[in-house]
Engineer: 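Here it is, the structure in full.
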Amino acid sequence: MTVTEVKPDTTRKIPEHPKSLLLRMDRMPHIWCSRCGIGITVGCFASAMEKTGLSPDDITVTSGIGCTGRVAGYVKADSFHTTHGRAIPFTVGLALTRPDLKHVVFSGDGDLISIGGNHFIHAARRNQNMLVICVNNFTYAMTGGQLAPTTPVTARATTAPYGSFERPFSLPTLAISAGASYVARWTSLHIRRITDSMTEALQRRGFRFIEIIAPCSTIYARRNKLGTGLDLMKYYYENSVIDHNASVDDLDIGFQSKIVVGKFVDKDRPSYGKSMHEHFRKVLGNKYQPPVSGKMEIDKSWSGCTESQDTTVTDEVQS
Amino acid sequence: MPESNYWRKPFDADKVKSPDGTVYVIKDRCKGCGFCVEFCPRGVLVLSTEFNRKGYHPPEVIHPDRCVNCDLCERICPEFAIYCLNQEEIIELAP
Amino acid sequence: MVQADPVGVLTGTHYLDGDHAAAEGACSAGCRFFAGYPITPSTEVAERVALRFPLIGGTFIQMEDELASIAAVLGGSWGGLKSMTVTSGPGFSLMMENIGLGVMMEVPCVVINVQRGGPSTGLPTLPAQADMMQARWGSHGDYELIALSPNSPQECFDLTIESFNLSEQWRVPVLVMMDECIGHMTERVVIPEAGEIELVERRYTNLNPDDYLPYKPCEDLVPEMAPIGYGYRFHTTGLTHDERGYPSMNAETQQRCVGRLLDKINLNRDEIIHVDKHYLDDADIVVVSYGISSRVAIPAVEKARREGIKVGELRLVTVWPFPEKLIRELAGNVKAFIMPEINHGQVVLELERCAGGRAETRLVKHAGGWVHDPETIYEAIREAAK
């Protein structure tokens with residue numbers, strides 16, 4: 001395999017980008033088109049990481065497939081680029097074996113809600129410990145602009161050349177009804193709100209969901225004659241309505257309609273791991289052996305230490 | 001802000017200095033989306049007429065004195081190509 | 001090699017079916033993460049694991065489907081625990097894509113497939129060995145993995161442990177290709193003392209994060225893993241990648257990346273492959289078989305031997321990678337190979353290829369639903385001996 005070495009940039013005349021410790025700057029420029037909104041959400045995520053004071057070593061990032069599926073490759077944490085739709089169940093495995101870390105799923109609407117829709121509702125139902133960030137650009141952009149489960153009615157897609165007539169999913173409604181413990185929606189223009197939401201959600205436990213409406217300039221905007229990504233950003237500016245108490249009926253998005261954004265749910269509900277722990281402790285009493293964590297196992301072999309170590313985890317770790 | 005009788009000048013207005021920042025652009029990383037130019041609340045930037053290596057027009061600072069280091073350009077840039085820093089940060093991140 | 005953790009080892013003599021024995025094998029091997037979805041005839045494995053894991057410090061989760069199960073298992077393995085799932089034909093089909101991801105990302109994990117009759121829903125409660133080629137070729141693209149085939153509940157226990165060892169050593173998903181008959185067959189299973197069970201532990205890197213490349217292979221072509229959350233900040237992807245784990249999509253990287261994944265198994269075949277040989281020294285005819293069919297073949301071989309036919313038995317404990325070298329050697333010395341399998345000819349294709357026309361290859365086929373009558377195998381031996 002060819003490895004191009006990353007040499008220190010001796011020609012650099014200006015200070016380092018402030019996020020260069022959190023993002024893989026050696027991979028820039030990234031693959032996203034000009035006027036795409038995904039990069040903004042990644043920048044907000046980096047800011048949120050800074051604000052929480054978490055080190056990248058406390059976080060894993062997992063993506064599925066698609067444009068947003070490439071996010072994992074640009075965040076300088078342990079990161080996993082998995083198969084189409086399977087980022088959530090993959091993270092279920094990570095979260096249950098490493099409950100001490102924060103696990104983030106960063107993917108697109110087609111990936112998380114269409115092919116991965118079943119995993120989405122079940123992970124929310126079980127309140128699995130993860131933050132799911134969904135960048136919704138209303139289309140399958142990587143494959144050239146096909147109809148997505150989020151495409152608004154009448155919007156055109158390559159596989160809906162005469163416009164869509166299917167009712168799209170409203171993602172916050174879906175997450176709320178499936179039982180997510182934190183649900184927010186913003187557009188990629190709401191940079192400070194996104195950052196605050198991500199900061200807040202990173203510190204919660206359970207299934208947390210943030211939808212970010214972002215412009216797809218090359219595919220969605222062009223096919224629908226909406227101008228460019230910049231025009232979509234202006235549309236968000238003029239048509240976003242912040243309403244934290246919006247009823248789920250208001251959360252539907254029509255073609256170029258107003259977009260209700262806000263933080264809709266923020267509640268404390270025991271996570272899957274915590275419920276499991278408490279239930280077994282009650283039912284099995286002393287016979288219950290709390291789950292070992294991958295972290296403990298690693299320490300054992302890593303240090304070359306052969307004597308067995310205490311593998312019991314504390315309640316905090318399992319919560 | 002409409003003129004109002006109740007509006008007054010803050011007592012410490014002459015003591016408080018609005019923060020100032022310096023804008024940096026990594027020109028060859030820019031894809032010319034114009035988000036920073038459009039949304040900069042102080043009108044610091046314009047898209048330059050020059051081309052970068054990839055054929056885009058990167059932003060150019062035309063009113064450096066107006067920058068208040070609000071970081072909006074940095075956060076709204078999808079390319080991680082622009083950022084503003086205050087004096088302390090410049091020292092910290094110096095090449 | 002380290003010894004098994006006594007917490008998971010149910011030392012003693014038990015009366016177990018193959019499914020339960022496989023679950024105990026997983027407990028003994030130190031598997032502490034299991035994600036699965038119910039499907040006949042494999043459900044008993046999941047049931048036993050669900051019962052046992054809370055008592056031995058494991059995490060069991062029943063996922064929403066098989067797609068999720070295998071994905072969670074890959075995540076669990078990256079999380080640092082030995083991980084396993086279990087399924088049968090239809091679920092195995094659903095798992096194929098992520099088995100490929102496991103190969104590409106080089107994730108140690110174990111998938112048990114208790115085979116039933118197919119295609120489609122087929123015969124949920126009756127045996128077949130018709131997923132053998134799917135195990136080899138079911139996921140898209142070129143890849144090599146390891147598949148073992150137990151022929152008794154005792155072996156379900158032993159080979160499950162072995163499959164964890166192989167998966168950790170070679171960083172590859174290992175398939176345990178059971179069948180309904182073995183899965184539901186109840187026999188004596190002896191579980192040894194923990195001290196007698198030897199386990200291969202994961203090889204983590206000793207390099208510091210600045211020097212570490214996640215896909216830089218060691219001498220045996222297997223790269224060392226890095227634990228998550230320890231500053232390595234590595235990236236791994238199902239895309240064709242370079243040594244840094246970064247996507248690099250061009251013909252050259254594809255050749256290097258996939259080439260190594262194939263070589264990793266192919267060049268280490270001698271170390272991986274395990275076969276059982278009986279009466280091969282003077283054999284003119286060799287019955288080559290695996291799984292339940294290898295047990296059914298025993299009375300046929302014995303009967304033919306009693307009648308003076310020089311017949312031997314070669315049992316493939318490791319079906320994939322296929323013992324090509326051994327078959328090529330034997331083909332020069334024997335007259336015929338006979339392969340009974342509960343399908344219409346799958347592994348026999350590989351046998352025929354390796355025999356290369358130097359020895360006759362006969363298939364004793366069976367559509368599934370039951371096992372071979374030893375008599376039909378015996379007849380095939382007699383035919384070949386003529």
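Reckoned from all heavy atoms, side chains included, excluding hydrogens, waters and symmetry mates. Just so we're on the same page: letters track the sequence lines, and every chain starts at 1.
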Engineer: Need one label for A:D58: side chain, backbone, both or neither, based on atoms under 4.5 Å from any heavy atom in chain C.
Structural biologist: neither

Engineer: Relative to chain A, which segment of C:F34 carries a heavy atom at a distance below 4.5 Å: side chain, backbone, both, or neither?
Structural biologist: neither

Engineer: Is it the case that more than 12 heavy atoms not belonging to C:Y143 sit under 6.0 Å from its OH atom?
Structural biologist: yes

Engineer: Which bit of C:M104 is near chain A, if near means a heavy-atom gap under 4.5 Å: side chain, backbone, both or neither?
Structural biologist: neither

Engineer: If you count heavy-atom pairs under 4.5 Å between each of C:S69, C:A226, C:G76 and chain A, which one has the most?
Structural biologist: C:G76

Engineer: If you count heavy-atom pairs within less than 4.5 Å of chain A, which of C:G229, C:G238, C:S83 leads?
Structural biologist: C:G229

Engineer: Between C:K82, C:E97, C:R203, which shows the greatest number of heavy-atom pairs under 4.5 Å with chain A?
Structural biologist: C:E97

Engineer: Tell me, please, whether C:Y246 has A:R27 positioned over its six-membered ring: NZ or CZ under 6.0 Å from the ring centre and within 45 degrees of its axis?
Structural biologist: yes

Engineer: A:R70 versus chain C, heavy atoms under 4.5 Å apart: side chain, backbone, both or neither?
Structural biologist: side chain

Engineer: Go through the steps to decide whether C:E193 and C:V9 satisfy the test side-chain contact (heavy atoms from CB on, under 4.5 Å), and finish with yes or no.
Structural biologist: CA-CA 7 Å; C:E193 301 277 343; C:V9 183; over 6 Å; no

Engineer: Sort A:A77 into side chain, backbone, both or neither according to what part of it lies under 4.5 angstrom from a heavy atom of chain C.
Structural biologist: backbone

Engineer: Answer yes if the ring centres of A:Y74 and C:H235 are under 6.0 angstrom apart, and no otherwise.
Structural biologist: no

Engineer: Just wondering, more than 12 heavy atoms not from C:Y37 lying within 6.0 Å of its OH?
Structural biologist: no

Engineer: To the closest 0.5 Å, what do you measure between CE (A:M130) and NZ (A:K102)?
Structural biologist: 13.5 Å

Engineer: Tell me, side chain or backbone of A:S55 under 4.5 Å from chain C's heavy atoms, or both, or neither?
Structural biologist: side chain

Engineer: Between A:M49 and A:I59, does a side-chain contact (heavy atoms from CB on, under 4.5 Å) hold up when you go through it step by step?
Structural biologist: CA-CA 9 Å; A:M49 270 162 83; A:I59 293 175; 3.4 Å; yes

Engineer: Once you round to the nearest 0.5 Å, how far does CZ of A:F207 lie from OG1 of A:T91?
Structural biologist: 10.0 Å

Engineer: Side chain, backbone, both or neither: which part of A:T83 has a non-hydrogen atom closer than 4.5 Å to chain C?
Structural biologist: both

Engineer: Do A:K76 and A:L23 make a side-chain contact, defined as non-hydrogen atoms from C-beta onward lying under 4.5 Å apart?
Structural biologist: no

Engineer: Shorter than 4.5 Å, heavy atoms on both sides: which option in A:V61, A:N118, A:D78, A:T62 has the most such pairs with chain C?
Structural biologist: A:D78

Engineer: Is C:A35 in contact with chain A via its backbone, its side chain, both, or neither, using a 4.5 Å heavy-atom distance?
Structural biologist: neither

Engineer: Quick one: which of C:V7, C:N98, C:I70, C:V2 has the most heavy-atom pairs under 4.5 Å with chain A, could you say?
Structural biologist: C:N98

Engineer: Which bit of A:F280 comes within less than 4.5 Å of chain C, counting heavy atoms only: side chain, backbone, both or neither?
Structural biologist: side chain

Engineer: Does A:L112 reach the side chain of A:V105, with side-chain heavy atoms less than 4.5 Å apart?
Structural biologist: yes

Engineer: Counting the benzene-type ring for Trp, do C:F33 and C:F53 have ring centres under 6.0 Å apart?
Structural biologist: no

Engineer: At a 4.5 Å cut-off on heavy atoms, which part of C:I56 comes close to chain A: side chain, backbone, both, or neither?
Structural biologist: backbone

Engineer: Which one wins on heavy-atom pair count under 4.5 Å against chain C: A:H81, A:R86, A:H84?
Structural biologist: A:H81

Engineer: If you count heavy-atom pairs within less than 4.5 Å of chain C, which of A:R24, A:R126, A:K287 leads?
Structural biologist: A:R24

Engineer: Of the backbone (N, CA, C, O) and the side chain (C-beta and beyond), which part of C:I61 lies under 4.5 Å from a heavy atom of chain A, both, or neither?
Structural biologist: both

